[in-house]
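Everything on this sheet refers to the single structure shown next.
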Amino acid sequence: MIQERILELTEYGLVTGLIEPQDKRFTINRLLELFHIDELEDEVTAAYEKRTPMTQESAEEALPQILAEMLDYAAEQMLIPDNTITYRDLFDTKIMSMLVPRPSEVVRRFYDLYEKESPQAATDYFYKLSRDTDYIRRYRVKKDLKWTADTEFGTLDITINLSKPEKDPKAIAAAKLAKQSGYPKCLLCKENEGYAGRINHPARQNHRIIPVTINQSDWFFQYSPYVYYNEHCIVFNANHTPMKIERATFGKLLDFVQQFPHYFVGSNADLPIVGGSILSHDHFQGGHYEFAMAKAPVEREITFRGYEDVKAGIVKWPMSVIRISAADKDRLIDLADKILLAWRGYTDEAAFVYAETDGEPHNTITPIARRRGDAYELDLVLRNNITTEEHPLGVYHPHAKLHHIKKENIGLIEVMGLAVLPARLKNEMADLEQAILDGADIRADEKLAKHADWVEEFLPKYGFTAGSGLEGEITPERLHEIVQTEIGLVFKEVLTDAGVYKCTEEGRAAFMRFVDTVNA
């Protein structure tokens, strides 16, 4: 069986273009060595050659089963310490590394396509490579639940993230006992490329990164293994240096979209609560996707004194967004820096905006860059991370009423209109829908009780009453659609809570007071 799987995986490599025909024998021998097998039997090869050849599509479909059977064999032969998802992930990455070109070959191919064809041809190649090598685990990404929700701010994207495997108890226990290492310093460091991993750090032998120079500094480009949207990429500093939003940030973002005009790129904010999950390593996120925020129109045009040549306006969006655009990158950088510096030091007590309290800074910006034809466009999202006794997790953070759906930080991806919701919701929503159909007491259920107020609030909108039982009155499919719609509306409220200035007459007046301060 294992010899057949080795032949299958080698064919997978040939069909996907990971290896060339001249690499076939070499790859087979490397895999035999990995599985401690001395020879490939002639009869196995002869029987295999009679099979229907793979296509790209059939190869993609076959890979998860090929790897699963290889991992089962490895566990039986005690080639992995324990047959748990953590150790299986470490070993299947090692298996796939046998098919992955060396970094120099990948970089050479990328830039050859970039120069001879186009930036998009280069990223198309690199994205396919990242998926074919199983660095992006297609079969896990497919498990993510995705739908859309129509709101007055446009169509929001909703996802329940199921691609990140939950750590098994044995792995958690082993990680506590494992020697603590500072190599690589974090999951974004360049040292991850080719790293074998350990119980408390994922394997990266099938990981490749592309060097890019942006704003005269050394950075790298890769894809996220958990692609939340099309071609979800990460652009990270060559050095392990903390996140910082400053003038140079705008130059780097705009330089990147000049080199890759089919991509947007943005940065998480650089303060806790309103920042991303990794603030210790300067990085951006981008991709080949247009979010709802990018599609949102300018609600009110504004002019910044001395920058009359730069088109500017307040975006119709639940968060507080200033959009500026111009053909001249330097003019955009100058104005963005002026707005950032003004916001860093801005206090408006009437609007509950404080630049700092007890020496702790609160104001920062989440910037996003894109191309619009010959013009460059920057969206500057005003952020503030102040906390109070009433809102200990943040005044401009999802409020407690919404925590049953979304409690985590609102980072760059959510800011733009894509909800990344916790995996727990998959089972919770299925159980909740059944409880509604049955007329069960939701408050009496320890796991579902947190959703009770929400259910009582939204069911009357559809002519139903919580606790009355809906079996026969509504199909399970229709109830599922309603719950998805309502989750989308909760996400809209999440964004509204995270917005410093609300989309009200009072909120817009306060927003304009800040604009006037920039113009002062």
Side-chain angles (χ1 to χ4, degrees), residues 142-164 166 228 292 317-319 389-410 413-414 417-499 502-504 507:
K142 285 179 181 177
K143 295 178 182 177
D144 289 347
L145 302 182
K146 300 181 180 182
W147 68 94
T148 59
D150 293 330
T151 74
E152 66 266 38
F153 299 105
T155 301
L156 304 179
D157 292 306
I158 314 296
T159 66
I160 294 179
N161 173 38
L162 303 172
S163 4
K164 287 186 181 180
E166 293 187 22
Y228 293 135
W317 192 246
M319 298 190 70
E389 286 188 13
E390 183 184 1
H391 301 294
L393 297 182
V395 172
Y396 305 109
H397 177 86
H399 291 175
K401 178 185 176 183
L402 309 176
H403 288 178
H404 66 106
I405 298 294
K406 177 71 172 176
K407 185 178 181 179
E408 298 77 16
N409 290 2
I410 303 306
I413 295 172
E414 284 94 354
L418 190 157
V420 181
L421 302 178
R424 63 175 171 82
L425 286 177
K426 178 187 177 183
N427 291 334
E428 284 182 20
M429 290 303 106
D431 292 345
L432 183 66
E433 288 165 22
Q434 190 60 54
I436 292 171
L437 288 171
D438 294 342
D441 183 359
I442 295 171
R443 293 187 186 278
D445 187 309
E446 185 179 352
K447 187 173 70 171
L448 300 181
K450 60 179 172 286
H451 300 297
D453 288 347
W454 176 55
V455 172
E456 290 176 2
E457 184 180 310
F458 77 70
L459 273 184
K461 290 163 53 177
Y462 302 91
F464 302 114
T465 304
S468 61
L470 303 182
E471 191 74 53
E473 294 186 42
I474 188 173
T475 65
E477 292 77 18
R478 175 57 184 148
L479 180 60
H480 184 63
E481 289 174 4
I482 288 173
V483 170
Q484 286 192 332
T485 296
E486 292 299 320
I487 289 175
L489 295 178
V490 168
F491 181 55
K492 182 195 74 172
E493 293 305 314
V494 162
L495 295 180
T496 299
D497 283 352
K502 309 310 177 190
C503 298
T504 61

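Keep in mind it's a predicted model, so treat the numbers as computed, not measured.
- Between Glu433 and Pro476, the closest side-chain pair of non-hydrogen atoms is not below 4.5 Å.
- Applying the ring-ring contact (aromatic ring centres under 6.0 Å, His included) rule to His399 yields the partners His391; only residues at least two apart in sequence or on another chain are considered.
- The existence of a salt bridge linking Glu486 and Lys461 is confirmed by a sub-4.0 Å separation between a basic side-chain nitrogen and an acidic carboxylate oxygen.
- When each of Glu390, Glu493, Glu457 is checked for a salt bridge (Lys or Arg N to Asp or Glu O under 4.0 Å) with Lys401, only Glu457 meets the rule.
- Note: Phe153 CZ to Thr496 OG1 = 5.5 Å, rounded to the nearest 0.5 Å.
- Between Cys503 and Pro318, the closest heavy-atom pair is SG-CA, 3.9 Å.
- Contact of the Ile442 side chain with the Ile436 side chain is registered, since non-hydrogen atoms from C-beta on lie closer than 4.5 Å.
- Residue pairs meeting the ring-ring contact (aromatic ring centres under 6.0 Å, His included) criterion with at least one partner in residues 464-496, sequence neighbours excluded, are absent.
- A 4.5 Å side-chain heavy-atom check between His403 and His397 finds at least one atom pair inside the cut-off.
- Remark: Glu446 CD is loosely packed, at most 12 non-hydrogen atoms of other residues, nucleotides or ligands lying under 6.0 Å away.
- Counting non-hydrogen atoms of other residues, nucleotides and ligands closer than 6.0 Å to NZ of Lys426 gives a total of 12 or fewer.
- Annotation: the span from Met319 atom CE to Asp497 atom CG amounts to 10.0 Å, rounded to 0.5 Å.
- Lys143 contributes no side-chain N or O that, together with a main-chain N or O of Asn161, makes up a donor-acceptor pair within less than 3.5 Å.
- Summarising the geometry, atom NZ belonging to Lys406 is positioned 6.0 Å from atom CG belonging to Leu421; distances are rounded to the nearest 0.5 Å.
- Considering OG1 of Thr485 and CD1 of Ile158, their distance stands at 10.0 Å, rounded to 0.5 Å.
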Exercise for review: Under the side chain to side chain donor-acceptor pair (under 3.5 Å) rule, what do Thr155 and Asp150 come out as? Steps first, then yes or no, please.
Suggested key: CA-CA 4 Å; Thr155 301; Asp150 293 330; 2.8 Å; yes

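- One finds the CD atom of Glu456 at 4.0 Å from the CZ atom of Arg443 (value rounded to the nearest 0.5 Å).
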Practice item. Start with the C-alpha distance between His451 and Asp431, add both sets of side-chain angles, then the distance that settles side chain to side chain contact (heavy atoms under 4.5 Å, CB included), and finish with yes or no. Key: CA-CA 11 Å; His451 300 297; Asp431 292 345; over 6 Å; no

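- Within the 4.5 Å cutoff, side-chain heavy atoms of Ile474 are placed close to those of Ile482.
- Put simply, the side chain of Thr159 gets close to the backbone of Ala419: a donor and an acceptor are under 3.5 Å apart.
- Counting heavy atoms from C-beta on, the side chains of Ile410 and Tyr396 never come closer than 4.5 Å.
- The minimum heavy-atom distance linking Val494 with Pro398 is given by the pair CG1-CG, 3.7 Å.
- The two residues Leu495 and Glu414 come nearest to each other via the heavy atoms CD2-O, 3.3 Å.
- Here the closest heavy-atom approach between residue Gly488 and residue Ala149 is recorded as CA-CB, 3.5 Å.
- For Asp144 (side chain) and Leu162 (main-chain N/O), a donor-acceptor pair under 3.5 Å exists by modelled atom type.
- Considering only heavy atoms from C-beta on, Gln434 comes within 4.5 Å of Asp438 through its side chain.
- With rounding to the nearest 0.5 angstrom, the CD1 atom of Ile487 is 13.0 Å from the CG atom of Leu156.
- Partners of Lys407 by side chain to side chain donor-acceptor pair (under 3.5 Å), not counting sequence neighbours: none found.
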